[in-house]
Participant: 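One structure follows; several queries about it will come next.
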Amino acid sequence: MFSKVLIVNRGLIQANCVRAARELGCQAITVYAPNDKNSSGVRNADEAWELEPKSSGIPYLDIEQIVDLAAKLKVDAVHPGYGFLSQNADFKNRLNEKGIKLISADNIEGYDLANKPQIREFARKMGIPILPGSETCGSVESLAEAAKSVGYPLVMKATEGYGGIGIRVIEREGELEASYHNVIAQSERFMFNAHQVYLERFFPRARHIEFPVARDKHGNTVVFPERDCTVQRRFQKLITESPSPFLPDSLRSKLKSAVHMLMDQLQVVGFVSVEFLYDGNQAYFIEVNSYMQPSHGVSALLTGVDMLREQIGLAAGNPLSFRESDLESDKFVMGVFVSAEDTERNFVPSPGVITRMHLPYGDGVYSLTNVFTNDTVATFYDPIIALVMVRERTREKALIKMQSALDALHIDGVKTSVPLMRALMRFPEFKRGDFDCQLLTNKETRDRIFENVRTPTDSEIAGILAALSLQRDASKQHILEQARTHSRSNIWDMASEWFSRSK
Amino acid sequence: MFSKVLIVNRGLIQANCVRAARELGCQAITVYAPNDKNSSGVRNADEAWELEPKSSGIPYLDIEQIVDLAAKLKVDAVHPGYGFLSQNADFKNRLNEKGIKLISADNIEGYDLANKPQIREFARKMGIPILPGSETCGSVESLAEAAKSVGYPLVMKATEGYGGIGIRVIEREGELEASYHNVIAQSERFMFNAHQVYLERFFPRARHIEFPVARDKHGNTVVFPERDCTVQRRFQKLITESPSPFLPDSLRSKLKSAVHMLMDQLQVVGFVSVEFLYDGNQAYFIEVNSYMQPSHGVSALLTGVDMLREQIGLAAGNPLSFRESDLESDKFVMGVFVSAEDTERNFVPSPGVITRMHLPYGDGVYSLTNVFTNDTVATFYDPIIALVMVRERTREKALIKMQSALDALHIDGVKTSVPLMRALMRFPEFKRGDFDCQLLTNKETRDRIFENVRTPTDSEIAGILAALSLQRDASKQHILEQARTHSRSNIWDMASEWFSRSK
Amino acid sequence: MKYQVKQGDHRYSIDIDGKYDYSHASPVLVDKKAYEVLIDETDANGDMRTVMINRKVYRVSITRGAEGFPEEVVLKGVPYRVEIDKIESTRYRPDASKKEIPGRVEAAMPGQIVHLLIQEGQAVEKGQVVLIQEAMKMENEILAPKSGKLRTIHVKPKDLVMKGDLLFEVE
Amino acid sequence: MKYQVKQGDHRYSIDIDGKYDYSHASPVLVDKKAYEVLIDETDANGDMRTVMINRKVYRVSITRGAEGFPEEVVLKGVPYRVEIDKIESTRYRPDASKKEIPGRVEAAMPGQIVHLLIQEGQAVEKGQVVLIQEAMKMENEILAPKSGKLRTIHVKPKDLVMKGDLLFEVE
């Protein structure tokens, strides 16, 4: 096992990696941007080093600084978490040059899991269906040419994109150039040297299905129950269900075999997830992610496997500690990602201070978060602040449990996806499984989701509150109420006394 | 199913019962004492009614007021949660008179599960080993007489006590009278009309083992994996492990058979737990609890059964929705109850305002709480504020996971059991299972538990901090730092300005 | 006071006693049907935050339009449009909210400016994208609020802006 | 300044620069071995709460004795006894804490009085139980701090008391 591991990330995944490394007996060292100092991961690490912020750019992407620190601290391995540098080939090479291991999946030489067109082609040659698409293109001209054979609408993707970054839907040729510049610019900020994109047929009416896979250096492979991550916005997941209630058993076993084959051919060592789009008939391979995804919490609750701990073990050369048959389960887990976003304004981020955060409770309801009352949701990072999960025997029961869990989840201070998710759990099309990746992407559907939960009584109550707010204005009585409500400290009393004196 | 259920409790169990009732489609109505208004259970109920506090007594024990409210609201059933009125026969009868069901286990007529000497005798007649003890006594004289045959040291217990209330260890005859008056007085405050006590041989070197059991009206019975609740203070549980790693398989199956037999003979319908003391050779029946215990969260995580929802279903006459074989599992769950107590001062309560509460995180770590930053821990109620659970494949792995979970659990504002529990997870005797119910009850052992985690480096750091605090005094610089740290609002600036003006 | 309320096609009247008691659960009449209403908690601005209606707790927030009249009421996260048509038996009118300066555009959220698409002095049309601001990995197009000449741009690419910072002005 | 510290049998010296920089991680010497120490956070009284030592975060609290000297330091919840033997190169002495009035007993926590065992005017011995106060289901025996006559009792059974309320006085 490693003796020193450097964790290079922030938020929940940082805290979770610190935990996993410490459980394995490693010394867990981490880094933080100045604003992130007061976080669980920093507090529980054996050492924490402040990253020096540069005038531009995100500190967690500062390869130079991080590699230098890793070398100075003589760590054995770096855990990149997800996002940021987790798939960055340059980062991996620079660490390897110093004899430091990056904890992410390795594979057969000459292939790069982060290079999606390359892996698409690899899968295609093995006979796994892929979407119509292009190879990597480096200019507007070559894109225009490739687009003709792919056909519109299509999706332009940064070759090494991740987490929904660097993806644009393109309806017609006229949009190609602007989108290309957009994707390139975003890639530069998040991925470096990523001037290359590729095209894929846009497939709006499909479900997103992914298989987590672990493979050790001896070739032992475990394919986990698949996750259905169809509910998304901006190509980022909002709901994860596992196993997928919508995948026919026959297709599931076909896909599992394909995944096993692909892992063996690629000689993967580590944890990855293999992703497909499923249109109700056929499933098309789209990519392999070489890092541990946020949805892994759902798989961990379903299977009881500590996936992060296992991932670090695999990277250190340990054999897998369990078999695929150990993962059999008659349970179903649903996970809802809570994001600090205004769903009414097209999921625009809503950073701020959480003035109250009460997590849900109860048998079969489990939450992961590192954001609590008085914490600040920062601007520049992922707006996901919690993962709420329920474990039940059926999807139907899980939907009911998730309703009561979300009803009890209470967040003040920032707008969140909670109200939309609450309403979604009661939306007939979602309940019966009649939806695809576009479910939440248009405002008209979101309005229908809310309309479905409106009641005549609540409608009248809205009217009452509107009228009452006007009446309170008139009486100005609310000024006194406010004083009472907020009089929590002597300081307020003193200030208040001062106010009246100065009159 | 019931259409209206009244939940009569507070805190986490209130919130959890509201959730369970709503998941079953019932209207969930609850009550609250004025100080408990801002709680999850009240917020998520379909209706909430304020209990009128009387000059003395706990509002949640006000049978008169609660029965009247239940009748006025025309509820079908009352869920009592745990503690308070959950085993109160008078309450049950008064409700039944109005045609309202109390959601707790029913059993054969003529026996009262809350009456411990009666059930002890019932078990004894069935051939189940019980501890030497007495029948119910109502006077000091009869106690002195009975004590002679039981032998000292012994335990005096209120006949209808619960949750560790109304129990005294008695070393010699001289202590009988004072203890009797003590127990009676405490019973009066918590249980009403409970002037009766019984004696049981004190059995200090034993483990506490309990079996949760569900039985429906058709006689289908499911015995859950047993819970080991040996780590206690004041006869109240602090740690629950399930299944018990210390119970031999042969004894486990014997006890399960005994439990099945006892349930059938008593014709129990509902959820109960059957409790034993185990001395390493023999297990002695001690009592049957007819309510859902706080530890049920551990069983729910282990088995995936929503026990509260099932309990309400059984009370409504539904058949059991699962079989004993569905509960088989190769996992182990450990739960640590976090209490707001000063473990250094013999677990004296430490009420106050929680100024920061960060829950632990990570794969396999799950917490239940309804106390968050800014919340107040009240004085008059149970000091348990959270249940932290880990699910793992072995007890050894669970201990390591619980270490990292407790290291990451961060509570400011009140003293808690967390530091002692952290140290306990690293204590050799606890790790190897060499402990009994008295583990935490004497200060000398608690000191040893802490001493085991002290290090020379931390010892020097303690010295540094002591010296630094003196140096800061000298420089008085901390006054300025304090001003900076706490200057969170304009109000502070105003008050501060006012201070300097008034100088 | 009496309020005439319109919600879609539904019209009804709400009656709140002139001496309404805010400190206890007190009745409000909707077309003669009584609701018991108690304001439990208000926020730092004195606006209602938690209300108990017929013994059920609601988290609420109310958005007002330019005239100071409530336009949207959010109940437990679900938005309801509300139009107060008429207020009877009072001469009270709410204060108009701060007059907006059309043409001035401020940052609606903190973030980083990533692109300027139009230069100072150029003409813009209402709804045209002037610049792109990024926050939490999402790019937000900031549009011209009206047609006219782009008089000044107060930011440049890579600038960090706070909520309320002036971005640009259209003449 | 230099501090001589005693912990059990272990004695060592701590050296903190007179111009110690509280705003950055700064060295403190323990018998010449340097620790980098930074105070991250203080509480409402200005006492240290979070400290970073050699890049590791510690939650701390320090209890002082009657003389104002630190007696116990709690590190991540684990208590350590500390005795500061000698302070060199300074004439500074900490303020003595508020002088205790022996005989006066105040409530250490909020709760309810459940029993009075001794009457006003009776004699008590040091350590004898005078009354029982209950908080969170636990009964706490409140003892006489010294021997003498129980002059006054300020509470009666069923009284609710707050922390700091005067319970009784022994002459």
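Letters go in sequence order (proteins before strands), and every chain restarts at 1. As a basis for the values below, the full set of heavy atoms in this structure was taken, side chains included, without hydrogen atoms, waters or symmetry mates.
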Participant: Does the pair R426(A)/D407(A) count as a salt bridge with the N-to-O cut at 4.0 Å?
Facilitator: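 Looking at D407(A) together with R426(A), the answer is yes, because their closest N to O distance falls below 4.0 Å.
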Participant: Using the ring pair (Phe, Tyr, Trp, His ring centres under 6.0 Å) criterion, which residues pair with H181(A)? Sequence neighbours excluded.
Facilitator: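 Applying ring pair (Phe, Tyr, Trp, His ring centres under 6.0 Å) to H181(A) gives none.
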Participant: Do Y12(C) and Q4(C) meet the criterion of a side-chain donor-acceptor pair at a distance under 3.5 Å?
Facilitator: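 Side-chain D/A pair, Y12(C) to Q4(C): absent.
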Participant: Using only heavy-atom distances, determine whether the side chains of S469(A) and R64(C) contain a donor-acceptor pair under 3.5 Å.
Facilitator: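 A donor-acceptor contact under 3.5 Å links the two side chains.
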Participant: At a 4.5 Å cut-off on heavy atoms, which part of V37(C) comes close to chain A: side chain, backbone, both, or neither?
Facilitator: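 Looking at V37(C), just its side chain touches chain A.
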Participant: Salt bridge or not between E344(A) and K415(A)? Use side-chain N to carboxylate O under 4.0 Å.
Facilitator: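 Looking at K415(A) together with E344(A), the answer is no, because their closest N to O distance does not fall below 4.0 Å.
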Participant: Pick one of side chain, backbone, both or neither for L468(A), based on which atoms fall under 4.5 Å of a heavy atom in chain C.
Facilitator: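 Both parts, heavy atoms under 4.5 Å.
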Participant: If you count heavy-atom pairs under 4.5 Å between each of T416(A), L465(A), V418(A) and chain C, which one has the most?
Facilitator: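 Going by pairs under 4.5 Å, I would pick L465(A).
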Participant: Heavy atom to heavy atom, less than 4.5 Å: which residues from residues 454-462 of chain A reach chain C?
Facilitator: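 Against chain C, the residues of residues 454-462 of chain A that fall inside the cut-off (heavy atoms, under 4.5 Å) are R454(A), T455(A), T457(A), D458(A), S459(A), E460(A), I461(A), A462(A).
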Participant: Say whether H115(C) and Q133(C), considering side chains only, have a donor N or O and an acceptor N or O under 3.5 Å apart.
Facilitator: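 No - no donor-acceptor pair under 3.5 Å links their side chains.
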Participant: Answer with side chain, backbone, both or neither: which region of I16(C) has an atom nearer than 4.5 Å to a non-hydrogen atom of chain A?
Facilitator: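 When you check distances to chain A, atoms from both the backbone and side chain of I16(C) fall under 4.5 Å.
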Participant: Sorted by first residue and then second, give each salt bridge (Lys or Arg N to Asp or Glu O under 4.0 Å) pair with at least one member in residues 6-27 of chain C; sequence neighbours left out.
Facilitator: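 Output for this query lists K6(C)-E83(C), R11(C)-D85(C).
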Participant: Which bit of E451(A) comes within less than 4.5 Å of chain C, counting heavy atoms only: side chain, backbone, both or neither?
Facilitator: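 Neither part, no heavy atoms under 4.5 Å.
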Participant: With the threshold set at 4.0 Å, does a side-chain nitrogen-carboxylate oxygen contact exist between R59(C) and E41(C)?
Facilitator: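 Yes, this pair counts.
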Participant: What part of D412(A) gets within 4.5 angstrom of chain C, counting heavy atoms only: side chain, backbone, both, or neither?
Facilitator: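 Just the side chain, heavy atoms under 4.5 Å.
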Participant: Could you tell me which portion of A185(A) (side chain, backbone, both or neither) has an atom closer than 4.5 angstrom to a non-hydrogen atom of chain C?
Facilitator: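 The side chain, not the backbone.
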Participant: Can you tell me which portion of V30(C) sits under 4.5 Å from chain A's heavy atoms? Options are side chain, backbone, both or neither.
Facilitator: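 Side chain only.
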Participant: Below 3.5 Å, can you tabulate the donor-acceptor pairs from side chains in residues 122-129 of chain C to any protein atom, sequence neighbours excluded?
Facilitator:
residue, atom, partner, partner atom, Å
Q122(C), OE1, Q119(C), N, 2.9
Q128(C), OE1, E125(C), N, 2.8

